[in-house]
Amino acid sequence: KLRAPTRSFGSPQLPLHTLNKMPHVHVGAAHGSPDPPMSKAAMKYLLVRPKVPAPLDPNFCPVVLAKKNYMKKVGGSPFTLEWALPRLDGCARGKLPVLADSHEDLDASIHLAGVCIQEMIWQRSASELLLFGPPKICEAMQKAFSPEGKYAFEVKTMPKVCGTPSQPFPVRIVSSASDLPAPKDKKQVCGKDASGCRLAFDLGKSDIKTVAVKDNEVLCSMETEWDVTNPDPEYHWDMILAAMKKTAEHLPQVDAIGGSATGSVSGNSEATWCDIFPNVPPDIYQEKVVNIFHRLAKEFGDVPLKVINDGEVTALAGMMMVKQGNLCGISMGSSEGGGYCDVDGNLLGWINELCYIQLDMNPEAQGDPWTPHSGISHMYLGQRAATRLATAGGVDVPDDLKPESPGMNSMKHEGHAKCLKMIQAAMKDPDKEPQVRLIYETIGVYLGYALAQYSEHYKIDNALVLGRVSTGSGGQVMLDKAKEVLMTEFPHLAHMKFHQPDEHFKRVGQCIAAAALPEL
């Protein structure tokens, strides 16, 4: 039965490396076996209690603190694991000091290496993994990133993300660091002017948003609910096209189409792996979904088209709002949408699927229905972060909306949307507010440590936080707690400015940013 942890790591009576295991429901069983148990060696090095605790999640163990603690203990090691993650238009490189192959705590290095490689995969994407370092840890990584290993989900998913679903994901050990390809990124420059007559769309996990824009002014916007779990691609095609055609009635003509979607979208606006179509069979997905955006453009005269990840649109719109770059946008909606633009407002050419990165090292952390893993970001920075804390936060919810309910542990979002509304209503009740605000303080703690972790790979001067979880008075509670985390644990990041959408942004900001993507 799913339940909130009741013990706190690091208490005098309970050493960090000691856990009394309790059973969990494996809600990600459709994607493979659960993560293997964490070894005592890994616990000893990687379970760290934060200085700013999460009020309703006492066993929260931030990954960023695990890395910090590990580096204190192992940073001076003469042994290093290096890796490369090539992709079509670039390559990511990483390295980690590791314990000797003969060390009794080698599994701590193995555990963290897997977490770091998985994190980089979801930031950049990858078509293969190349390894160089001590034999035992290289062999352990080769096993972990195999079709039968801990990271089988990533191994099976990355070929789809890269647009080559029939290709394997090779993992090779090379004989020299010089055999690893050099790091390479190819930045994307997107349009920033929505002149002319444009259609824009945003495909989310709850609804389809469509907008008509003429010369940077929004003429019409619509929201159409849909069922992303439907396995029939014709259903999705009909829903999207009907919404776009109805919105296009407000324009004299359509000159261009800009759009955003959750998941991975190629530089050529192909839906290489969009998790808004989770149940479409792989062969049918390749035939009828990958080119869906280009087929939509043909319905409107084959006009110029540009589609990117929804988090990227958030970042671009955020830069238009604050007029500063080095901006990370985090949208706390049905899931977590993440995006980043540099100081010049350009995209890095990374996939930035921050929602799949591990944030919590707690071996009893919450699982999710999209992956076989636990402690994954979107369960901490999307609406499920709030709903899984609802009862602990003193919100009276019916049995079917409680965290342990089977319906709340599926891919369906409707129950979570209802539960979040009940949380927001309870926040307005003076009698309930003191307990309910702990939900937002807990999410604020998650956010602070997440931003510190993201900052290891992104230069973040500005953080734009939006989405239904951040609305209302609870949103400010959450941001205040995130600032406290940065000031307490990461003073070098205390300069980071937090932003929330202004009224213009809420009404039309993202719509205009999406509409502006294709250049005429």
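Numbers here are sequence positions counted from 1. Side chains are part of it too, since the values below use all heavy atoms of this structure and drop only hydrogens, waters and symmetry mates.
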So which heavy atom on Lys67 is nearest to which on Glu119, and how close? NZ-OE1, 2.6 Å

Distance col, row Asp202:CG vs Cys511:SG, nearest 0.5 angstrom, shows 8.0 Å

Is it the case that the side chain of Lys209 and the backbone of Asp207 share a donor-acceptor pair, with hydrogens and angles ignored and the cut-off at 3.5 Å? no

Examine distances only and state if a side-chain atom of Thr272 and a backbone atom of Val161 form a donor-acceptor pair shorter than 3.5 Å. yes

Do you know which two heavy atoms are closest between Leu347 and Tyr340, and how far apart they sit? CD2-O, 3.6 Å

Working to the nearest 0.5 angstrom, can you tell me the gap between His416 NE2 and Lys412 NZ? 12.0 Å

Would a distance-only check, ignoring hydrogens and angles, find a side-chain to backbone donor-acceptor pair under 3.5 Å from Arg388 to Met379? yes

Nearest 0.5 angstrom please: Leu47 CG to Lys40 NZ, how far? 13.0 Å

Could you tell me whether a side-chain N or O of Asn409 sits under 3.5 Å from a main-chain N or O of Pro369, the two making a donor and an acceptor? no

What closest approach, in Å, do Val115 and Tyr151 show between heavy atoms, and which atom pair accounts for it? N-OH, 3.3 Å

Does any non-hydrogen side-chain atom of Val64 lie less than 4.5 Å from one of Glu489? no

More than 12 non-hydrogen atoms from neighbouring residues, nucleotides or ligands closer than 6.0 Å to NZ on Lys192, yes or no? yes

Phe145-Trp83 aromatic ring centre distance below 6.0 Å: no

How close do Asp368 and Val27 get, counting heavy atoms only, and between which atoms? N-CG2, 3.3 Å

If you measure from OG on Ser335 to CD1 on Ile376, what distance do you get to the nearest 0.5 Å? 11.0 Å

Do His31 side-chain atoms and Trp370 backbone N/O form a donor-acceptor pair below 3.5 Å? yes

Is it true that Trp122 and His457 have ring centroids separated by less than 6.0 Å? no

For Leu401, does its backbone N or O pair with a side-chain atom of Ser405 as donor and acceptor, under 3.5 Å? no

Minimum heavy-atom distance between Val307 and Ser269, given as atom pair plus value: N-OG, 3.0 Å

Exam field: side chain Tyr458 to backbone Leu451, donor-acceptor pair closer than 3.5 Å: no

Met38 vs Leu46 side-chain heavy atoms within contact, under 4.5 Å: yes

Taking Asp502 for its side chain and Phe505 for its backbone only, find out whether a donor-acceptor pair lies under 3.5 Å. yes

Keeping Thr314 on the side-chain end and Asp310 on the backbone end, is there a donor-acceptor pair under 3.5 Å? yes

Does some side-chain heavy atom of Leu327 sit less than 4.5 Å from a side-chain heavy atom of Ile460? no

Leu348 CG to Cys341 SG distance, which is reported to the nearest 0.5 Å: 8.5 Å

Can we say Lys459 and Asp342 salt-bridge, meaning some charged N sits less than 4.0 Å from an Asp/Glu carboxylate O? no

Do Trp273 and Tyr356 have ring centres separated by under 6.0 Å? yes

Restricting to non-hydrogen atoms, name the atom on Gly333 and the atom on Val469 that form the minimum distance, rounded to 0.1 Å. O-CG2, 4.5 Å

I'd like to check Ser125 versus Met158 (side-chain heavy atoms, cut-off strictly below 4.5 Å). Are they in contact? yes

May I ask you to check whether over 12 heavy atoms, not counting those of Lys95, lie within 6.0 Å of atom NZ? no

Step through it carefully: locate the ring centre of Phe60, locate the ring centre of Tyr446, and say whether they are under 6.0 Å apart. yes

side-chain hydrogen bond (donor to acceptor under 3.5 Å, both in side chains) evaluation trace for Asn279 with Thr229: CA-CA 6 Å; Asn279 294 329; Thr229 64; 4.6 Å; no

Given Asp461, which partner from the list Gln324, His495, Lys497 fulfils the side-chain hydrogen bond (donor to acceptor under 3.5 Å, both in side chains) test? His495

With a 4.0 Å cut-off on N to O distance, would you call Arg124 and Asp89 a salt bridge? no

Counting only heavy atoms from other residues, nucleotides and ligands, does the tally under 6.0 Å from CE of Met487 exceed 12? no

Short side-chain to backbone donor-acceptor contact, Gln453 and Pro62, under 3.5 Å: no

